[in-house]
K.L.:
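Here you go, one structure.
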Amino acid sequence: MLSSESSSQILSALAEVVGERYLLTKPSQQFAYVQGMLDVAVTSVLAVIIPQSLVALWRAINICATADVIIIAQAANTGLTGGSTPFGAYDRDVVVISMQALAGIYLLNDAKDAIALPAASLQQLESMLAPLGRGPHSVLGSSCVGASIIGGVCNNSGGMLLQRGPAYTQMALFARRNESGKFELINHLGIELGEQPEEMLINLEQGQFVDKAEPASIAKKCSNHQYQSKVRDCDASTPARFNNDTDGLYEASGSAGKLIVFAVRVATFAQNEQEQTYYVSSNDDTALTKLRQQWLKSKLELPILAEYMHRDYNKVTLRYGRDTCLSMLKLSANHIGRMYRLKAKIGYYLHKWHLPKTLPDNILQLVCHFLPEALPKPLRTQAMDYKYHLIIKVGNRHHSNQHNNNHYHNTNNEESTTRANIDNIQAAAAFLQAHAKQYPLALHTCSTTEAKKLLVFRSAATAAMFRYYDLNHHKFGELLSTDIALPRNAQDWDEVLPKSLQQQVKETFYLGHFFCYVMHQDYLLHSGIEAKTFKQQLLNFYNQRHIEYPAEHNVGHMYPAKPPLYAFYKQLDPTNSLNPGIGQTTKRKYWQ
């Protein structure tokens with residue numbers, strides 16, 4: 001660890017680069033950056049810095065490299081597995097670098113692809129693309145608001161949008177700390193930026209560059225263009241997507257903080273001319289199993305999304321998610337992001353003054369009683385009358401838009417052209433109506449307003465469950481959340497725990513991306529049950545079912561990095577100075 005004199009020197013050097021205002025050394029200043037979504041003990045760090053330019057970021061990481069301190073780079077700090085915050089003890093001092101000031105998006109190729117800087121969010125890209133009839137890789141998800149584009153790529157985030165697969169690109173600008181401990185800047189964006197690092201970063205930030213990449217090469221490099229055929233193979237004994245899958249690992253993609261990523265180039269997608277959402281519910285799990293299998297094997301285009309929620313999740317979201325639903329409907333992502341950061345600062349002072357940490361949630365829950373219901377009455381009734389629920393959205397595109405999307409996704413052009421001439425909404429409605437005659441299920445065709453509220457309801461579910469637990473924690477032991485990928489041919493998606501595990505769990509909550517077979521599962525344990533021991537028993541049960549984990553939230557500090565992912569991390573960061581310990585790996589220098 002650094003001596004007092006050395007610490008003062010590096011802090012002075014960092015202050016000169018980023019400015020005194022953006023060098024945070026007090027615990028009260030640092031709290032929102034060193035405490036993530038995981039409720040764990042806060043780890044002390046030397047400093048949190050917030051560079052105001054890409055050049056300042058480059059200079060700061062080189063100061064850190066010279067001083068041999070650990071760097072934990074952080075985009076929006078919205079991860080659920082602790083992957084962008086310090087965790088436990090380290091063998092060197094730690095500097096957390098928040099990228100929140102480094103926003104910027106450049107549209108290229110008639111907006112068919114985009115270059116995103118570190119703080120650029122999915123919502124910002126969505127707003128830019130909407131008037132142009134295009135959209136980003138992902139949309140607002142259940143786990144966070146204000147998620148960054150680069151964060152999604154670095155964590156192979158999957159999300160709701162079934163046709164687009166996990167976030168992935170082979171085109172990025174990043175700094176890698178090599179074996180000698182020096183940072184080298186690597187430009188794989190396909191644009192001409194200059195020769196020297198600072199010249200390159202200035203040109204990028206100011207939008208002064210020449211696009212040198214061919215559209216044909218961009219098509220395959222900027223997205224996971226093979227995912228549609230992969231998810232359709234529902235007889236395969238392996239999952240469609242998971243974080244330890246080597247198919248998703250390439251430089252910045254899946255790097256999880258092992259590189260300093262300055263920019264990524266990602267594909268955009270043609271918007272639909274029309275969309276229709278269906279709410280499908282049943283008390284028979286076989287009805288949904290067969291629906292998934294038959295749809296994936298049919299000539300129907302894949303749905304835009306096919307989201308699953310169990311009735312227990314509906315129940316807590318209806319009661320504890322009203323304010324979250326309303327804020328998502330009424331406020332921008334930037335406003336909601338500021339609210340989360342304010343809540344984190346309030347949490348620091350509640351802890352400091354020994355006040356209940358649930359005080360903000362108690363107040364918000366009181367307010368909820370005066371807010372409108374999260375769902376319209378017909379949807380509320382259906383949500384509670386049935387055990388299993390799917391939200392299925394389908395869409396029709398202009399034929400020209402269909403062609404543009406094929407350019408980025410489909411490898412079978414003949415099949416794509418055939419599907420372009422089909423009314424996907426009409427075909428999906430006919431399929432669902434026929435399925436409803438064969439199996440016991442309820443089918444509701446949503447209005448535009450109902451569809452919007454239903455998707456917001458799905459997105460608010462995780463936050464509602466966390467509040468339910470926090471406000472009723474005296475009734476439970478610990479909370480354990482998992483993020484798993486089932487084999488594509490699995491029949492047992494409606495989990496039945498062995499008796500030895502059942503007796504340790506008081507309540508379970510299940511939801512997920514159903515056609516992908518990616519499930520998010522929350523276990524509220526009985527008092528006195530040790531979560532660490534239960535988790536290992538649960539993971540052993542997953543192993544018996546050939547389940548991969550995690551599916552899309554990345555390993556963070558909750559899951560072990562399996563050998564291929566471990567080798568990838570080691571290749572990217574040979575000195576183990578960037579986010580060491582990720583994936584429960586060693587934190588020691590040079591991976592000792």
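Since the structure is predicted, the reported quantities are computational estimates derived from the model, not experimental observations.
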K.L.:
Do Q544 and N540 have a side chain donor and acceptor closer than 3.5 Å?
P.N.:
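No - no donor-acceptor pair under 3.5 Å links their side chains.
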K.L.:
Between S237 and N489, is any side-chain donor less than 3.5 angstrom from a side-chain acceptor?
P.N.:
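No, because no side-chain N or O of S237 sits under 3.5 Å from a partner of the opposite role on N489.
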K.L.:
Indicate, with yes or no, if the rings of W493 and Y388 have centres closer together than 6.0 Å.
P.N.:
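Judged by ring-centre distance (under 6.0 Å), W493 and Y388 do meet the cut-off.
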K.L.:
State the CG-OG distance between L161 and S138, to the nearest 0.5 angstrom.
P.N.:
6.0 Å
K.L.:
Quick check for you: to the nearest 0.5 Å, what is the distance between T238 atom OG1 and I547 atom CD1?
P.N.:
13.5 Å
K.L.:
Give a yes-or-no answer on whether the side chains of H526 and Q504 include a donor-acceptor pair shorter than 3.5 Å.
P.N.:
no
K.L.:
Quick one: closest heavy-atom pair of L578 and D573, and the distance?
P.N.:
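Closest approach of L578 to D573: N-OD2, 2.9 Å.
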K.L.:
List for me each residue that meets side chain to side chain contact (heavy atoms under 4.5 Å, CB included) alongside P560, sequence neighbours excluded, and say none if there are none.
P.N.:
Q584
K.L.:
With heavy-atom distances below 4.5 Å as the criterion, would you say the side chains of K387 and H310 are in contact?
P.N.:
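Sidechains of H310 and K387: in contact.
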K.L.:
Taking atom CG of D312 and atom CG of D522, what is their separation to the nearest 0.5 Å?
P.N.:
11.5 Å
K.L.:
Examine R292 relative to Y517 and say whether NZ or CZ is less than 6.0 Å from the centre of the six-membered ring and inside a 45° cone about the ring axis.
P.N.:
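Yes; both conditions hold, so R292 lies above the ring face of Y517.
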K.L.:
Considering the options H389, M309, K453, which one meets the side-chain contact (heavy atoms from CB on, under 4.5 Å) requirement together with R458?
P.N.:
M309
K.L.:
For P136 and L122, which heavy atoms make the closest approach, and how far apart are they?
P.N.:
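Closest approach of P136 to L122: CG-O, 4.1 Å.
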K.L.:
Can you find a pair of side-chain heavy atoms, one from V518 and one from I484, that are under 4.5 Å apart?
P.N.:
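Side-chain contact under 4.5 Å: no.
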K.L.:
Among R488, K562, R241, which one satisfies salt bridge (Lys or Arg N to Asp or Glu O under 4.0 Å) with E548?
P.N.:
K562
K.L.:
Taking the side chain as everything from C-beta on, heavy atoms only, tell me whether L497 gets closer than 4.5 Å to V505.
P.N.:
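Yes. Closest side-chain heavy atoms under 4.5 Å.
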K.L.:
Whether the Y510 and E495 side chains hold a donor-acceptor pair (N or O, under 3.5 Å, no angle test) is what I'd like checked.
P.N.:
yes
K.L.:
Less than 4.5 Å apart, side chain to side chain, heavy atoms only: is that true for L441 and V280?
P.N.:
yes
K.L.:
Any luck finding a side-chain donor-acceptor pair between Q170 and Y168 under 3.5 Å?
P.N.:
yes
K.L.:
Give a yes-or-no answer on whether the side chains of R134 and T268 include a donor-acceptor pair shorter than 3.5 Å.
P.N.:
yes
K.L.:
To the nearest 0.5 Å, what is the distance between CZ (R176) and OG (S255)?
P.N.:
12.5 Å
K.L.:
Answer yes or no: is there a side-chain heavy-atom contact under 4.5 Å between Q100 and Y33?
P.N.:
yes
K.L.:
Are F87 and H557 close enough that their ring centres sit under 6.0 Å apart?
P.N.:
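Aromatic pair counts; centres sit under 6.0 Å.
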K.L.:
Is there a donor in the side chain of N472 and an acceptor in the side chain of Y320, or the other way round, less than 3.5 Å apart?
P.N.:
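Indeed, the side chains of N472 and Y320 share at least one donor-acceptor pair under 3.5 Å.
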K.L.:
Taking the side chain as everything from C-beta on, heavy atoms only, tell me whether N156 gets closer than 4.5 Å to L249.
P.N.:
yes
K.L.:
State the CD1-CG distance between I529 and L480, to the nearest 0.5 angstrom.
P.N.:
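One gets 12.5 Å once the value is rounded to the nearest 0.5 Å.
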K.L.:
Is it the case that the side chains of E275 and N272 hold a donor-acceptor pair, with the cut-off being a distance below 3.5 Å and no angle test?
P.N.:
yes
K.L.:
Are any non-hydrogen side-chain atoms of V96 and T85 less than 4.5 angstrom apart?
P.N.:
no
K.L.:
Is a donor from one side chain sitting under 3.5 angstrom from an acceptor on the other, for K258 and N576?
P.N.:
yes
K.L.:
Only one of Y469, Y468, Y523 forms a side chain to side chain donor-acceptor pair (under 3.5 Å) with E507, so which one is it?
P.N.:
Y468
K.L.:
For the residue pair Y549 and Y559, categorise the inter-ring angle as parallel (less than 30°), tilted (30 to 60°) or perpendicular (more than 60°).
P.N.:
tilted
K.L.:
When you compare the side chain of T462 with that of H520, does any pair of heavy atoms fall below 4.5 Å?
P.N.:
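Heavy-atom side-chain distance check fails, nothing below 4.5 Å.
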K.L.:
Can a donor-acceptor pair be found between the side chains of S281 and Q382 at a distance below 3.5 Å?
P.N.:
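Q382 and S281 do have a side-chain donor-acceptor pair below 3.5 Å.
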K.L.:
As an exercise, state the distance from CG of N579 to CD1 of I72, rounded to the nearest 0.5 Å.
P.N.:
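Nearest 0.5 Å value for the CG-CD1 distance: 5.5 Å.
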K.L.:
Do Y250 and T169 pair up side chain to side chain, a donor and an acceptor below 3.5 Å, judged on atom types alone?
P.N.:
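Result is no, nothing qualifies.
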